[in-house]
Each structure stands twice: as C-alpha cells, then as structure tokens.
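As structure tokens, the structure follows; a few thoughts come after it.
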Amino acid sequence: MRHALSGAAWPRAWRSPQPKSSYDVIIIGGGGHGLATAYYLAANHGVTNVAVIERAYVGSGNVGRNTTLVRSNYLLAGNTQFFEYSLKLWEGLSHELNYNVMLSQRGQVVLAHDPLQLDGLARRGNIMRLNGIDAELLDRGEVMRTLPYLDYSQQARFPILGGLLQRRAGTVRHDAVAWGYARAASGFGVDILENCEVTGFERDGSRVTGVKTSQGSILAGRTAICVAGHSSVLAAMVGLRLPIESHLLQAFVTEPIKPFVNHVISFGAELFYISQSDKGGLVFGGHIDGFNSYTQRGQFPRVQAVAECAVALMPSISRLRLLRHWGGIQDMTPDGSPFICRTPLEGLYFNGGWCYQGFKATPAVGACFAHTIAHEEEHPLVRHFGLERFRQANGHDEYGLGNWTYKQ
Amino acid sequence: MNASVFERRSALAERVDVGGRDGANGRRGILITETRGSHVAELTAFRDALYGDRLREIALPLLGALPTEVGSALESARITVLRLSVDQYWVATRDASIVAELARAIPVSLGSVTLLTGRIRLTVEGPEVRLLLCKGIALDLHPRRFKVGRLAQTELHHSAVVLLRTGESCFDLYILRSFAASIWDWLIDAALPIGYDVAILDWSG
Amino acid sequence: MSRSPRRLATGGRIDRARPINFSLEGRALQGFAGDTLASALLANGVTLVGRSFKYHRPRGFMSAGVEEPNGLFTLGAAGRTTPNVAGTVTDLYEGLSAVRQNGWPSVDWDLMAVTSWAAPLLAAGFYYKTFMGPRRNSWMFYERFIRRAAGLGRAVHLPDPDRYETQHLFADVLVVGSGPAGLAAAWAAAQAGAHVMLVEQDRELGGSLLSARLDSPEERWRAEMLSALRRMPHVDIRCRMTAIGLYDGNTVALVERHQGRPDPARGEAREIVVTLEAGAIIFATGAFERPLVFGGNDVPGVMLTSAARSYLNRHAVVLGRRVVVATNNDAAWQSAADLSTAGAIVTILDQRQTVNRRCLELANDASVTVKLDATPTRAIGSRAVTAVRFSTSRASREHSLDCDLLCMSGGWAPVVHLTSHTGIKPRYRADIDAYVPGEYAAGHFGAGAMTGTFALSAGIREGERAGRRAAEHAGYVSEATRAQCALPAGEDAACEVGPARLAPPAARGKAFIDFQNDVTTRDIAVAYQEGFTSVEHLKRYTTLGMGTDQGKTSNVNAIHAMAGYRGLDPQTTGTTTFRPPYTPVSIGALAGRHVGQHFRAIRRSPLHQWHVANGAMFIEAGLWQRAWYYGWAGDSASAAYINEMKLVRGAVGICDVSTLGKIDVQGPDAAEFLDRVYVNSFARLPVGKARYGVMLNDNATVLDDGTTARFADTHYFMTTTTAQAAEVASRLEFLLQTAWVDLKVSITLVTDEWAGMSIAGPKAREALQLALPGHDWSNERLPYMGCVDIDVDGVPLRILRVSFSGELAFELYIAADRGCALWEHLLTRAATLGIRPYGLEALAALRIEKGHVAGLELDHRTTLDDLGLGKMAASNKTFVGCALRERPELRAPGRWSLVGLECLESGGTLRGGAILFAPGDEVAGHGRGYITSVTWSPQLGKYIALGLYQGGLVHEGEDVVCAYPLKQEHVRARIVAPAFVDPRGERLRV
Amino acid sequence: MLKITCPGCGIRNYTEFRYAGDASKVRPAHGVRDLAAWHDYLYLFDNPKGPHREYWQHVLGCRRWLIVERDTATNTVQRTLFALDGSGA
Ligand SMILES: Cc1cc2nc3c(=O)[nH]c(=O)nc-3n(C[C@H](O)[C@H](O)[C@H](O)COP(=O)(O)OP(=O)(O)OC[C@H]3O[C@@H](n4cnc5c(N)ncnc54)[C@H](O)[C@@H]3O)c2cc1C
Ligand SMILES: NC(=O)c1ccc[n+]([C@@H]2O[C@H](COP(=O)([O-])OP(=O)(O)OC[C@H]3O[C@@H](n4cnc5c(N)ncnc54)[C@H](O)[C@@H]3O)[C@@H](O)[C@H]2O)c1
Ligand SMILES: Cc1cc2nc3c(=O)[nH]c(=O)nc-3n(C[C@H](O)[C@H](O)[C@H](O)COP(=O)(O)O)c2cc1C
Ligand SMILES: [Zn+2]
C-alpha cells in the first residue's frame, strides 16, 4: 500500500536470473500451476532451489486466457474435498501473497432446463451440503428473482426450471494469480526463467535428471511437468503416451459496460457461462471447438454458436458487442478429471489433464503437487488423479462423459 | 393404398395454410411449395461392387434412366432419381406402384428398398432463391459451381437435408419430417425480408 | 435551416439539401446526409465528447474512423440502447439520439474527475497492490465501487427488438478495403475474369481518397475507377461491410450494417454477419495515423491530422482558426495546406531537421508557416486546447504557439490486423518505422498503405498487381488483361516518415499513449521498472490496448516506448497478438436468426399437432418436444400423471413413442453384427420375435438399451432410446466402416420414417380388436415379445408386443405421415373402453413401478452389472465392451448398483438427487448412493424410487436414510427389489 | 474455417462432420480380451503437435466415416479418404 500511495513503482515483481546449471526441482511451465507449485515448494516445504521454466512469458498460457471461474460445486468423493480445499486457499490468497488477486465471490448459478437436469443439480447440491460446502437449490421463481434478466419468455427455446447457487463461487483476476505467485516464489529464491523452452529431457536410464532447453541443459533432482495443453508434447519427449488429447477452447469478452451481470451464470442447455470482469467486460465461454488442435485460435462457427447461447440465455446481450475472442489449448481427458502424480520414470512428476477446470484448482494443485514432489508420494487429496486409473475402472467421471475426450 | 382410412398428413398442414407475405420492398421474391403425396424410396446395394451393378441392372428398366454421376439427379415427368452415393439412390415419384415394383424386383440378398415416409419435399424457387438459401446453406450455389441437376447432402438449421437444383433459380429440399416444422418456420423467417408465397402441390389425388 | 458555426457554406461530401435531425442528451441538433455523428457534433461546436476511463479527463474526438478511442456514445433508447458506439463511424440518421458516456452527473461537469487528484494511486498495476484491506473479503467491499466506476457505457436489460442475419457467401477474390489500392486490386482481378467481392467498412468507397478535396485529381481518379468497377458485372461491391476476422481456410467473417434504422417487422436486419469463403484475398486496409506523445496530448482540440483533413474535406467542417500541425512525416503537410486553404492560420511543426522540397513548396503555396526541428512538448488547456509548447534541439527554452486546433501526426501504422489473425506475426520495417505483415499465407496478398507502400501511384500499381495475382490464384489466368489502369494526374504527394520522438516520462503533464484506458508514458515506466517488460505483460499490467479500440492508435507508440527503455529494437519486442474482431461486432449479429425458438431446431413427432390440439403440455427431451401430460388428466404434471397411470393400470392408454430411435439393420451378416454390438444374443432370436437388448461402450458402461425385432433372417428393426439415437447410429456405422469391414450389413436410420404408439393396459387387446378387427390379436398369434408386419387396407403396420409399463401392451408403427390417422382411429374406435393418451411423465412413472432403467440410471457411468442386468450378458460370445468390463473395480462387490426404494414415512416425499445413508451412518460426506428416479405410486399408495446403492440388492429389506439437505429433509425408506408392480410379469403375458 | 473434403460429397465446412479421434490407433480385433490392449487403444493418445490421422464422420452429409490427415499445429488437411478405403495404416 505504501508504494501504491506514494505512486512510486514497486521493485521488480520477480527477478530475471540467468539459469543455473542445476536445481533441486525444475518445474516446466510458468502458468498458474507451475508457479503455484514453486511457491508452495518454497513456502510449505522449504525447497527453494527451484526453477520454473517457461517457454514464453509468465502467464502466457491458459492461466492468462481463461474465463476465471472458481467454484467448488463437485459431486464425486475426491473432487469435493479437493476443489473445496482450493476455494479455501483462494479465500486467503491475496493476504498470503500480499498481492491482490481480486477474488470476487459473486456467486454462481448453474441452470437446469429439464427435470432430470434439476435432479442432477439437486444431487450435486446435496453432496456439497453434506461436505460443508454452501449450496442452494433455486426453483424457477427464485432464479427469476436472482437473475431477472434471463429469458423467461414463451420464446425461450429451453425454458429455465431452476438452478443451483453457490454463493462462494466467483471469479479471480487471472493475471494477478500468475504474477502474485511468481513474485512470491521469486521472493523465496525461486528462479523464473522466461523465454526458455524445454525441448527434451536429460536421462540416466529410467531416471530423468534434467531438461534440455533453448538455453542449454539444466539438471535437476526432480522434474515436474506443468504445461497444460502441451502435456502430450512433453510426455512424448520421454516416450510416454498419456490419456490426453489437446483441444482448443475459445473465450470471449465484450466492450466494457457498467455493472450488468452480477453472478457467474451457467446455461444448462449447452455449455455456456458468463460473468462480468472488474473492468466491465462480459467474459464468456462455451464448448471446445471439438477436434484436437494446437493452433490457439478458434473456428468461426464456434464463435457464432457461443453467441447464440448468449442471446438464448440473456436476450439483452444482443446489442452488446464482442470486443475480442481468443483460444487456449487445454488437455482433455477421457473422464474429464486431471492427473497429479508420479510417472513411470523416476524423478519425473506430472500435473495435467485439467480440461475446463484447472484455473479454479490452481492453489490446490500448487499445494498438492508441491507435496507430491517434496514427499515423492501423492498428496492424499490427489490420490484419485493417477495416470493408471483407467486400468482399474473408468476413472473419475464427474459429469458422466463416457470415454470421449472430444464430446465434453 | 391412398383410399386407406389412414390418410397421409403433412407435417406442415397448419403452416402452409397461413400463406405468404410481402418482403421489405413490397415484393415476393420466393415461392415455397410443399409437394404432398409423393413417394420417396431409397435403394441401396450391400457393400460389394458386383451388387451395385446388379442393382442398377434391375432398376434401370423400371426407372428408365439412372444418373451416372454421384451427386446428381435425373428428372422426368413422373419420377426423379437421385444418386446420393455410388450404390445409393433415391427415387421420388408420384406413382406408388414404381416403388412397389422396385421392392419386388430387388432381392433382399442384394440390397434394400426402403420407403421413406419421413421426408418432406419442399421446392424453393424465385429470383431471390440463392439469397434465401445462403442464409442457411454453406455451399456455393452460383450456377457455375452448382449446376442444374446437382445435389448435395448438407446441413440446414442443424439437420441433414438433401438439396437438389432443378433449375437456374429452383431447388428441391428433402428434409426430415421431425425437423420439418422447425425448418419451415426458419425458412419463412429467413424469407421475411425477401417476401414469399407458399403453395401446395398435391399428388395424392 | 440552422447554420452551424463551423460548417463551410460549400464543399464536402455532404448533401446540404437533406438535413438530418438528431439529438445529444435530448438537445436537438441538425446535420446533413453524409455526416457521421462525429462530424455533425463537431459542426455544431460540440467538442467535449467523453470522459476518460480512469481519470475522467475531458476528451474530444481524436480521429475520424474506427480507431477512435475517445468519442464513444450510447445510442438509442429502451431495447435499442447501444453503449460504446464510436461517433466517428456512426452515419447520421434521422432521429438518432446520442448520450455521452462515463461522466457523472454529466460529461460536461464530471464529479468523478476528482479521481484525477488521486492519480498517483491509479498508476499501472495499482489494483494489485491495494484494496486488500484487513479482512479476507475486503476486496468485495472495494470492488463494488471500482466496478461502478469502471465500464464505459450503460446497457439495459431489455430484449433487443432488432433483427439480425447470417449468410454464407463465396467469391473468387475478396478485396478488403476500397482505398486506391483496393479499387485498383478489384479492377485488376475483375479484368482477369474473377468474381470479385469488394468490401468497405465506410459508407462510401475511396478510403483515404475521400479526404481529398473534391476538385483534386485523386477525386477524379476515384470517380473514374468507380464507374469502371460498376460496369463490371461480376464485381459485387458492398459498403458498410467490415471484415472482422480472418480464419482458417480462406474464411473471412464480415459484418454488414444496415443504413439508418432497419424495420424488424419488415424483416430488415440491423446487421448481417457473413461467412465468406474466398479463392484469394487482397488486404488493402490502409494505415492508421499515429498520435504524437507529449504532455496534454489528450486535451480536446488535439486531433490526428488526417482526421482534421477528413472533417474539412469530407464533411466541410473547419475545426480551428489557428491551427498547429505537429508531425514527423510528409503526409501531414497536405493536411496543413488544405486547412490553410480553407482559411485557417496554420503553422506546421516538423520534428525533422530537413524535409522534402515538395513539402516546403506545398507549404509555401498554401501560406503555411513552417518550423522544422520542432517537437511538441505540451498542449495547454483543460477543456479545449489554447496553445502548444514545443522545443527544438538547438535551444533549451520551450516555445509557445497559441492555437485552437492542434493536429498531430506521428507516422503510420499499417492495418495488419486481419493478416495477423491466423498467427502470422507482423515484421518491423525501420525505414518507415512501422510494422507490416510478416508474410502472407497462400492466396493472400497485401496492397497499399497496409504493406507500407505510402506513395499513391505505387499503391495503385501494387493493388493492380495483387489483383492479378489473386485472380490467378483463384484460377483466372488471362494474358490478354495486362492492361494497366490510369493513374491520378500530377505528381504523388511526398510520403517520407521520420522517427517518432516520445516525450520523456519526466516531462510535465500527462502524456497519453492509450487514450481510452488512460495509459501514460509514466505507466509504461512503472511497468518497466516492475519487470512487466514484455509487450504482453505491458499490455496486461497497464490494460494498454484492451479498450474498445483495441489499441489501434496506441500499440505502436507503447511498443516504441518499451523498446526504448529496454534498449531493444521494435522487431525484437514484437507486437501483442491481434485477435478478431477487427472492430466490435454485436453479439446479436453473430447469433443471427438462431434466436428465440430458432436457437436450436425443434424436433416434433408425427403426432405433434394432435397433441397440441388435444391439450397436451410439452417437455424438452434433447431437441425433441414430447407430450408431457394431457389436460384431460389434470392441470399440472404432478396431478395429471397419476390419473394417466391409473388409466394404464386399470383400462387402456395410448402413448406416442415416435421419438424412439429406429434403425433398420439389413444384410446377410445382420445377425452376427447384432450379436457383436449387444451384450445378449440376437443371432438366435427367431423371426417374428423381439428382444430387449443392451449395448455397451468400449469402456463397458451402458451406451443404450432398447427392443430389437427380427422380421426376416437378414432383417432386424432396432429401437434405441430417444436420447442416444444419434450416438448409437454413428457408433454402429463406425464399427461397420472401420473395424468390421467384412460384414455385409446396411444400416438405415428410420427414426423419422415411422410413427410409433404404445397401446397399454389390461384392455389393450380389446382396444385393438375394436380398432383393427380384421386381425388376430390373440396371445397365441402374437405372444409377449412377438412381432409381426400386417397390412391394413394396403397400409403396412408393424406390431411389436413389448411393454415398458408392465401392462399388456402393443407398440404399433406406421408410416410417419399416416401416424396421426392411425392414432385418431384407435382413439375413436376404442373410445368405449375409455382409452386416452398418456404422456412422458406417466410413461416414466410406470417404468419406475416396473423397475426399468432409463434416464439418470443410464448416465454413462453405470455398467451392466450396476444396473442389475449382468445376467443378460451372454457367456458364449463376445460383444463390444466385454473386455474392459473385466477390470477389477468394475467387478467389485461394493459398487453402487440398482435398488428399489419404498418410502417408509407416510406424508414423506422421496426426491431425485437425495443421498442415501445406512441408518447408523453419520449423515455427511458422499453417502452410499443416491436416488435416480422417483414417482408416487398410485398402486402402492406411496413414493417409490430407483437408486444406486453401495452393494445394491445385497441390502434388500434394509432401511436407508434419504438425505436432502438442500431442503433439510431426512426421509426413511426401505431397499426393495426394483419391481414394484407385477414382479413376475404376469400381466404382460396375458 | 476448417474444411474437409469428403471423397463422396466434396469440400465442406467441418461443422457437417463429427470428429472421433485418433485413427492411427489399432482397435483390438473383436473378441480379444487383452485388457492392456484395450486400455491402450481406448485411453492412450499420441496427441502429436503435427501430422495427425483421425476419424471424422460426415454426419450431416453422406454419413460416411472418413480418415483425415491433418496437421494439428496448423489445421491444414493433407488428405481425406473413406475409412473403408483406408483401414489399416
Ligand atoms: C478459454 C479457457 C477458459 C477456461 N476457463 C476456466 C475457468 O473458468 N475456470 C477454470 O477453473 N479453468 C478454466 N480453464 C482451464 C484453466 O485455464 C487451465 O486448466 C489452467 O490454467 C491450466 O494450468 P496452468 O495455469 O498451469 O496452465 P498454463 O497457464 O497454460 O501454463 C502452462 C505453461 O507451460 C508452458 N509450456 C508449454 N510447453 C512448454 C515447454 N516445452 N517449455 C516450457 N514451457 C512450456 C506454456 O507456455 C504455459 O505458460 C480455461 C481454459 C481455457 C483455455
Ligand atoms: N503520405 C503518407 O505518408 C501516407 C501514409 C499513409 C497513407 N497514405 C495514403 O493513403 C492511401 C493508401 O491507400 P490504401 O488503399 O492503401 O488505403 P486507404 O486508407 O485509402 O483505404 C483503406 C480502406 O480500407 C478500409 N478498411 C480497412 N479495414 C477494413 C476492414 N477490416 N473491413 C472493411 N474495410 C476496411 C478502410 O475503411 C479504408 O477505406 C494512399 O492514398 C496513400 O498515399 C499516405
Ligand atoms: C478474464 C479476461 C478478461 C479479458 N478482458 C479483456 C478486455 O477487457 N479487453 C481486451 O482487449 N482483452 C481482454 N482479454 C483478452 C486478452 O486481451 C487476451 O486476448 C487473452 O488474454 C489471450 O491472449 P492473446 O490474445 O494474447 O493470445 C481478457 C482475457 C481474460 C482471460
Ligand atoms: Zn460425404
């Protein structure tokens, strides 16, 4: 605050060091997950001889291009506790990092348009309540009172029957998360190496001993992959095949307007969700484009389909104008759940497969992955997220997706 | 067959009856016609090159002629034959007996003859027909690219349709019955600024 | 007709004979046809047009085009209220009403301007460092105020009364932009025979030529070119159409705006979004003029030079009497000359030590005072500019010049947006101090100012060349058409550009870089010091370029500033990513006609109209609308379904099942094929019999269930659930075409070909005997699970004796278009039995009583065994999913599997989504299962349910607690076999 | 817009098709009960950034299944054939 009031600049947010020849831990990927992992390694486990290697700039990946929704309305054992842990960490994060990440708990309403959907939400809400997580089931009238500007007319193609409200859900300022963790980790001595791309791994038999990068080889006791949409590319460098396909998800923002939408609203007829940023833009997103791609830019028909959902949900959005749309590459998994685990290779750890939901998980991923790396054993909250889970059963299928990466 | 107590009913009955509307410039640039009482049958041969040829041998005398190119159709007064893929044909006719004859003539070991009672045939025509269709169909329908007699299986309003060009400014659309009312509503909505007339061509008499 | 103080009596491209009335905040004003809102306001002396985002500083128009950062308005009223519209691109229309934005209580007297006293607090990144407050959720408190202050215009929560459309168009060659380069390109491509579409966002063709005087050679050239183009039949010219994005595969998204006020009742669209596929694309999008960066460069009256010229020559508006033009390049000299010729006293300050001889001659001829080596340091004035301070490299003292219009020109930024959309990075060209397209994808060509070719004739020739090459790419090679078009008479204007000098951050007064988002040179310094030095970090930390203008006037200046701090050249720093849309586009336009009921197609059963006419209420089931319940049975679903159930259990009802998926499976290998896809055997199913089948996904979860009947050795008729019909069909086709290519089977989707109806209840047979008396409906002829094709009056009918409800039942299928007649026939002929229709709600309730799985039981997570159907799996054959079904956890005894539940509390309600616990359990955590489907059972007089429970029927007879904390309910229930009615199935077989 | 040339119908927008994943994976023969083989087939992907062989069905057109060779880094399609003609590698 003092710096802010005086108007003077703060010191450099994070150092820009030269790479050392070796580290105790190398984290590949300077997104939210990689930076949070580095921070918690230092803060919780005293491991500070750490490098985060980022091929572009910090936050250039999905942490900097997601729709910033955080929530803990999960159903399956394992998920409820993990995501609630994450939400709790969000609630203290600005103070912990001394950096305002602008957690805005404006509440999320998930809508239902047929009775089965409503029963599904009821089950979800009941599970949340049974696990100490706030949830309210709204009938049509209550949704109308809470969100009076949705389409309740005869013209609505999929009438709104009700919804599930989690008041503690909301949004977080995405860039601030990357910067806040980077700054705090750097403060502990973590080296953040930007514009440094990992191009291969150093190996000693079945042990991974470091990475090859665009700035030379760097050795490490333990190496952790945190590269979101590029997990398979990294895995291929050590000959691993993953239960992951990379898909493109688009996001959208309108011109800034005065407060218009207070909550985060999720349509139930198709995948579509919307909220308003502090800057005033309506931020929204929909379904993945539907075929695997690393292009980081979307197809126009998806833009139109998402706009159609927007108007179907909220007819008054029609006159507002789309300012920008962009894409991010995300890992899609057969069951929609992620991986945080050791790998078949010694010294190599993996976090990925986050589908649509990795941003809200950022603090918990950091804490649990750091634990997993530090203790060489999975944190109890992430035991469901192993790479081998499909050998036993169908994995951890929160939304009943079957086994399709591309239909979610 | 037509005298049955179970008379055929259009999926668009109430809709077509409403009639047309003038467009923004006071004109009606489109005519949409629903053909009633036609019969559409699908002929397919099982996957085997020889079967396809046999099928053609049998069908040819009954149908008079068969389109040689995949994605094209032949029209005569009584009958339209559409070739959807190598060994898949549609026969659209006002004459139910042709379908019956085909079903009799083609052995079940060779392929199948299925009466399609769930297809609605709409004809859209008029000087503005391409303007209307470009609102929903993502194909280049310029006559130098899509000639008279060409057909395409494509998408219209989230559903699969067969589009056949029967004239410079005249197209037939075969649409699925369950989507028909929705597509109709969509079409006349799209035709609103252009102006349209509607008509019924009844072959059942 | 009122005379505006600043409007010239003659000249310009306005039609003085067509005055247009409009209003600003209720104040009646007048302009002319040909005006934009901006030019009309300026003509009326309105120069203060908005307040800035953060500091609420007064602002005037900076530009005359899409790059405008300041002059944003809220247009229209009620449902037509549209915020954030740039006045510079709004064509004036009769009755237009505009409101300026972001001032409170008004833009003229903005109390929020106090925030500028707290300016130090608002430096880049201030949010991140403050507002955390003492408590964890303090931000939520501050945020309320920040949100209210943020945002530009105010939108309304009313539906938009206007109409939009989408279209698909095609062209051999698309030309974007109708400046000299674009016109020449379109002409040349059309000469070669290509079908050309020429799009221009402006209301008129000509681009920068529209800013030339009407008596100029440029204007004569434009007119001749236009008439040449209009004579070419295959040139499609569209004004008011903006290319908003370039996508994969030569796809360009465009938006066309209606002129004036469209009438939705007559079908007129306000905007049309076009997806255009082009054989080749020519980008002739021109260049934006860059502002100069000096203190107070945002004071109203400071404006881009090209804008001042455009207002003068295009709209006949003179914006100042004492004008200073500050520049680093030649283009501004023409504007200075034009302003002077129009009567202003003009001084030009050029940063360069020497300039082109032609510039000096131009100035001399037009009596413009020239000062070289002169860099503006500060504009003086608060609500209007009154003077400018400038310095030279020779003297340390600042000079001052009074002025009421200060024009600035800091060089040119080619419009490289579209070519960058597909990921091509722009390249920096030091000679013109600008970014140009890094490369072109195959079939893409650039021409004119957008490639850095600023000289007029060279741009025209480049356009011509691009036009020919594009036509060639699209397949039009023609040797005969090498003819060149004429060039404008006279010598081209000079067009050299010097380097832009930025005011140092220490200079006095705020020097703005991003005007809309209030990013100053100091903010860039802060970002630099704090390490936000990459252009992407700079953007995100300062919000630079993130406003409605997307940094069209600010990005290059910002990059230069940061490159300067870092000691890098602009090629190394690079630009931020360009993203669509090029200019903001209405969300309604993107949605087009897919709004309201047209949002997604509605599928209707062949009996739909009957249901409508006979009091049915409908419910969504995927795209289908299904009859939910009927008015005869009650006013609400909860009342009606019970009466409908009673009817089926007590007499006979009829239900529309046409939405079931239907697939014809034919061919010599049909039996083998079905044996592979179903868990149970169909090869041994006799002709004339039907069987319930279940198919699995490869991962052993249940994909679908349904009845399949055999009508011949090689012919089966498969039904699927409504929900999975499309999925099943695709799956079957997949297997046949990729894995089992040797099987001779053909699959035809016949869902739409058949109307289906189920006649169910103890009197079902009687009903059929009454309705279709000529046929044998006896149990012997058509036993349970029998099937037969019959002929009624020459019409084929397909009968399956299957039951979902548990009662004696027959499913009748008939050609879809005859369905309604059959349905009515049955109802009339069997009326004496009291037959009536029943809907989906009753159907679902009946099946719960019977214990059939559906809906939430088939949720892609449950396996065959979970649903109690494990014994259906044939052991003597293999089927899809059988391998992975053997995985250990899928076979574990403790899996949640299907149970029935009976409510034990009179007056208690079972609810779907309740969580199940054993009586001794702590009611917390994830429970042992949950309720999937519930109904009131008139038969049993209580609520019954299906659910999944850990261990399943092992616990039969035990009590459970159904917890529903959302309503604070705990209800006791008992686990029972999931067959509440006629468990032995006797009623089915009568 | 991604365009796919259906060998039967010609060049179309990708929206007429449905994507169905990696076509280079070999489905274990019907009846094979090898858990590991099915696991790898169903759950593991090369997911390359570069050339990719994949299944699409022309679901709103001729309904045929296709094999499309496309570069996932650029979305450019190199080749399309009917799955029936391209089974195997
Ligand atoms: C459009 C969109 C919207 C989303 N919305 C939400 C939402 O509302 N809520 C939610 O919870 N989740 C959301 N997600 C998902 C969420 O953003 C991601 O799951 C999450 O950000 C992934 O973790 P990350 O932050 O570490 O990833 P990233 O920020 O992507 O970090 C990975 C980093 O690895 C780097 N990298 C890759 N390869 C290499 C290499 N070879 N060498 C070095 N570095 C490399 C990348 O440059 C990148 O910076 C969304 C995703 C997208 C794309
Ligand atoms: N002397 C100089 O230094 C200098 C600098 C720049 C320009 N110029 C002059 O400007 C002219 C350049 O000609 P030009 O043809 O290259 O450019 P132009 O500016 O004359 O025309 C570009 C046109 O493209 C349109 N446009 C841009 N993006 C569009 C989009 N996405 N969709 C639809 N329309 C779009 C603009 O509205 C404009 O009309 C020449 O006369 C040149 O002399 C001179
Ligand atoms: C939550 C959120 C809000 C955003 N708001 C804006 C905005 O108001 N203006 C803007 O220009 N971009 C906005 N963006 C988009 C960014 O400019 C940028 O497109 C995005 O971070 C992806 O980066 P890229 O386009 O550089 O690939 C926003 C992004 C996010 C994630
Ligand atoms: Zn096809």
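Chain naming here is simple, since letters A, B, ... match the order of the sequence lines and numbering starts at 1 in each.
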Item to complete: Run the numbers on D:Tyr43 and A:Asn394 for side-chain hydrogen bond (donor to acceptor under 3.5 Å, both in side chains), then give the verdict.
Response: CA-CA 10 Å; D:Tyr43 292 110; A:Asn394 288 321; 3.1 Å; yes

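- Residue D:Tyr14 touches chain A through its side chain alone, counting heavy-atom pairs closer than 4.5 Å.
- Between D:Tyr19 and A:Tyr406, the ring-plane angle classifies as perpendicular under the 30° and 60° cut-offs.
- Relative orientation of the D:His39 and A:Phe390 rings is tilted, given thresholds of 30° and 60° on the angle between their planes.
- Between chain A and the residues D:Gly50, D:Ala36, D:Ala20, D:Ala73, the largest count of heavy-atom pairs under 4.5 Å involves D:Ala20.
- Heavy-atom minimum distance, D:Thr72 versus A:Asn292: CG2-ND2, 3.8 Å.
- At a 4.5 Å heavy-atom cutoff, A:Asp331 makes no contact with chain D through either its backbone or its side chain.
- At least one donor-acceptor pair under 3.5 Å links the side chain of A:Gln299 to the backbone N or O of D:Leu2.
- Interface summary for chain D: among A:Gln296, A:Arg241, A:Arg302, the most heavy-atom pairs under 4.5 angstrom belong to A:Arg241.
- For A:Leu242, the part sitting under 4.5 Å from any heavy atom of chain D is the backbone (N, CA, C, O) and nothing else.
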Fill in: Worked check of side chain to side chain contact (heavy atoms under 4.5 Å, CB included) between A:Tyr294 and D:Lys49
CA-CA 6 Å; A:Tyr294 287 92; D:Lys49 182 172 188 170; 3.7 Å; yes

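- Ranked by heavy-atom pairs under 4.5 Å with chain D, the list A:Ala235, A:Ser246, A:Pro334 is led by A:Ser246.
- For the pair D:Arg70 (side chain) and A:Ser293 (backbone), a donor-acceptor distance under 3.5 Å is absent.
- At least one side-chain heavy atom of D:Asp40 sits less than 4.5 Å from a side-chain heavy atom of A:Arg391.
- Between D:Phe45 and A:Glu245 the shortest heavy-atom distance is CD2-CG, 3.7 Å.
- Counting heavy-atom pairs closer than 4.5 Å to chain D, the top-ranked of the candidates A:Thr333, A:Leu240, A:Thr295, A:Asp289 is A:Thr295.
- No part of D:Trp38 comes within reach of chain A, as not one of its non-hydrogen atoms sits under 4.5 angstrom from that chain.
- Nearest heavy-atom pair across A:Pro301 and D:Thr15 is CB-CG2, 3.5 Å.
- Minimum interatomic distance between A:Arg297 and D:Thr74 (heavy atoms only, all atoms of both residues): NH2-O, 3.8 Å.
- For chain D, no part of A:Ser231 is nearby; none of its heavy atoms comes within less than 4.5 Å.
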Worksheet item: Which is it for A:Phe291 and D:Phe17 under the side chain to side chain contact (heavy atoms under 4.5 Å, CB included) test, yes or no, and what are the steps along the way?
Response: CA-CA 10 Å; A:Phe291 55 91; D:Phe17 301 79; over 6 Å; no

